[in-house]
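Contents: one structure, followed by commentary.
Keep in mind that this is a model prediction, so the values were computed, not measured.
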Amino acid sequence: MMLRKLRNALPWTAAGAAADDKPKSSTRHPKDQASKLKPALFLISFFAFWLLLLYFRFDPRRPDAAIRGPPAINLTLDDVAGTPPDAPAACRSRAAVYVHSLPSKFNSDLLLRCRSLNIYTDMCPYVSNRGLGRPIPPVSGVGGGGSWFATHQFIAEMIFHARLENHPCRVSDPARANLFYVPFYAGLYASSMFRELSLPARDALAVDLAEHVQSLPAWRRRGGRDHFLVLGRTAWDFLRLSNQGPDFGANSLLDLPAVRNMSVLTVERQPWTGSNQHGIPYPSYFHPSTSAEMQAWRQHVTDSDRPHLFSFIGGPRKGPGKAAIREDLIRQCGESARCELVVCQPSSPAACHEPARVLGVMAASRFCLQAPGDSFTRRSAFDAVLAGCVPVFFSPHTAYTQYRWYLPAGDPGEYSVLIDVGEGATRLGVEIEEVLAAIPAEKAAAMRRRVIGMIPEITYAHPNATELGFRDAVDVALDALLEHVENQS
C-alpha cells in the first residue's frame, strides 16, 4: 500500500497510472494536479537535501573524509590547476623511474591523522593539494593563480611523490626502469613520533618499510642500490643509532642496513658519513607550470629595487654555539641602518611565514643572511635564491657540502658569501656590514645574476606541469641520481 501511494505521488508514475485508469480523452482539474505534485516535490527536496549533506560531509577527495578536519584537504590537484594531461610529455632524460605501489600505511594513511603529524603544527592545511598546501594570491602579482602555495618547509617528500607520479620519465614496467622510487612519507611519520618514549614503537614503521622493500622482486636485481627514498626532514631525524647525541625523538630509519643500500634524498644530509645521502632543496612557495611563469618571476626579481644592503629573517635560539652566533647576527642587523631585520617570535609567527612578506623583504635586499638554526641548513636559503638575493653563509655545511647537485660548479664566491665562523664559535668576529659593503657593486650585480640563474633548478614545478621548458629540482635529482647509481656498478 505504501509503495502504491509513493508510486502514485511521483509525477512520472502518476501519469502512467492515469493513462491506465482513465480514458485518453479525460482531463484533470489544475488544482487536482497541484495537490498530487505536492508530496512528490516534498520527497524530491528531502532526498536532495540528504544527498548534498552526504556529499559535503564525506567528500572522497579529502583524506580526512571519515574524521573531522579542515574542508580543503585534497589528494588531487584538479581543483587548483586544471586536470592532469591526457598524454604525458616526452622524457628528456635517460632516467626511467618506476614508482613502487606501497601499502597505504607508508604514505596516504598517514594523512588521515594530519592534525597529529607534527607536535608543533596542525599539518592538515599543508598536506592539502598533494603537499603544495593551500593556494595563495600570486606574490607581487606575478604568475598564475595556480603557481603560489603556502608550502611547508618539511613537505618535500609529498611534492616529490606527486611530481613523479605525473613525470614524463615514469615507466609502468619495472623491467624498463633504472631507478626505483619508494614513496614512504618518512618525515611526516618521524615528526608524529618525536614524543614517543618507546623506541620499538618509534622505529616500527621504518622497520616495516625496510622489510617490505626487501621482499620486492625489483629489489633483488641490485640489492636496492637503484632504489631511493625522499625525506622531507633532515637526516638527523633518522639517525638515532649512529648519532651519539641526546635523544630528541629521532628514529633509526637511516641506520637500517637495507636503507643504507639505497640512495636517500634529504633536505639536509649528514655531511661527514652520509655517503648515500644527497641534499635536495627545501620547497619554497612558487610551483610554476610553464616556462612563461618562471621567466616572469625571474624578470620581476631582476628588476626589483633593492634599497637594503642586507637583511635577516629569523628568530633567536637558546644555548651555545649556533644560537650564540645567531644572537650576534640579530644584534648587528638591528644596529645597522642598512639592514632590514624581521625577528620571528612565537607571539607573531606570521612575520616569518607569510610568503609575500618574506619574499618582499628578500627581493628588496642585495644580500640575505643565512645563519644556521636548529641544524646547519634552513629553508630561507632557497627563499633567498627565489628572491634573487645573494645568500650569506656562516658555515660551509649550510649549502656547499649539502646541495652539490644544485650549486653552480666553480667558485662559490660567484653566487654567495661565506663568513666562516668555525665550529664552536660563540661570536661572529667580524662586522657583517663592513664585509658586504666592501664587495664592489659590479661584482655584487654579477653574483645576483648568477643567483637568479639558479632559480629554475631549485624550484619544485607544479606536479600537473608537462612541457615545462626548464629543468626543475626533481629533474636535476633524477639525472644526478642515475649517474650516481651507474657509478656504483
Side-chain angles (χ1 to χ4, degrees), residues 59 61-64 69-85 99 107-108 110-112 114-115 117-118 121-140 142-167 170 181 183 185-188 191 230-233 265 267 280-291 293-294 296-297 353-356 358-359 379-380 382-383 385-386 455-466 468 470 472-477:
D59 186 346
R61 295 173 299 174
R62 293 166 43 192
D64 62 335
I73 304 240
N74 301 312
L75 284 179
T76 69
L77 288 154
D78 298 359
D79 294 338
V80 180
T83 56
V99 179
N107 41 57
S108 60
L110 293 169
L111 308 183
L112 298 175
C114 54
R115 292 193 186 279
L117 289 177
N118 189 300
T121 305
D122 178 2
M123 291 297 291
C124 292
Y126 298 106
V127 302
S128 65
N129 297 309
R130 298 300 302 274
L132 298 183
R134 289 175 172 168
I136 59 175
V139 174
S140 301
V142 179
S147 298
W148 292 92
F149 296 82
T151 305
H152 196 273
Q153 64 176 331
F154 294 134
I155 207 71
E157 58 204 31
M158 282 193 70
I159 298 175
F160 218 101
H161 187 192
R163 180 95 169 88
L164 283 184
E165 284 191 334
N166 195 42
H167 199 278
R170 180 184 180 183
Y181 170 54
Y185 295 167
L188 293 176
S191 62
V230 179
L231 306 181
R233 299 190 68 89
L265 312 188
V267 293
I280 57 172
Y282 284 88
S284 191
Y285 311 105
F286 185 42
H287 305 283
S289 297
T290 66
S291 58
E293 291 176 344
M294 172 58 73
W297 176 254
H353 299 288
E354 175 59 42
V358 169
L359 295 178
R379 195 257 287 271
S380 177
F382 295 97
D383 293 338
V385 172
L386 181 62
I455 294 176
E457 292 192 351
I458 60 94
T459 298
Y460 290 92
H462 195 289
N464 282 358
T466 53
L468 276 176
F470 63 90
D472 79 332
V474 173
D475 295 322
V476 172

Would you compute the distance between atom [atom1] of [X] and atom [atom2] of [Y] and round it to the nearest 0.5 angstrom?
X: M123; Y: L111; atom1: CE; atom2: CG; answer: 9.5 Å
X: F470; Y: D475; atom1: CZ; atom2: CG; answer: 8.5 Å
X: M158; Y: L110; atom1: CE; atom2: CG; answer: 10.0 Å
X: D472; Y: H167; atom1: CG; atom2: NE2; answer: 6.5 Å
X: F382; Y: T459; atom1: CZ; atom2: OG1; answer: 10.0 Å
X: E354; Y: L359; atom1: CD; atom2: CG; answer: 9.5 Å

Given side chains that start at C-beta, do those of [X] and [Y] come closer than 4.5 Å, heavy atoms only?
X: L231; Y: V267; answer: no
X: L132; Y: H462; answer: yes
X: F160; Y: L265; answer: yes
X: V230; Y: I159; answer: no
X: I155; Y: L188; answer: yes

Side-chain donor/acceptor of [X] to backbone N/O of [Y], under 3.5 Å:
X: Y460; Y: P281; result: yes
X: N166; Y: P463; result: yes
X: R379; Y: P283; result: yes

Using the six-membered ring wherever Trp is involved, compare the ring planes of W148 and W297 and label them parallel, tilted or perpendicular (cut-offs 30° and 60°).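 The rings of W148 and W297 stand perpendicular, inter-plane angle above 60°.
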
Report the C-alpha distance between F154 and Y282 in whole Å, list the side-chain angles of each, state the deciding distance to 0.1 Å, and finish with yes or no for side chain to side chain contact (heavy atoms under 4.5 Å, CB included). CA-CA 7 Å; F154 294 134; Y282 284 88; 3.8 Å; yes

Which pairs pass side-chain hydrogen bond (donor to acceptor under 3.5 Å, both in side chains) with one or both residues in residues 149-162, sequence neighbours excluded?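 Sorted result for residues 149-162: T151-H287, H161-E165, H161-Y185.
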
Could you walk me through whether Y126 and T121 pass side chain to side chain contact (heavy atoms under 4.5 Å, CB included), step by step? CA-CA 10 Å; Y126 298 106; T121 305; 3.7 Å; yes

Locate the shortest heavy-atom distance separating A461 from L468; write the atom from each residue and the value. CB-CD1, 3.5 Å

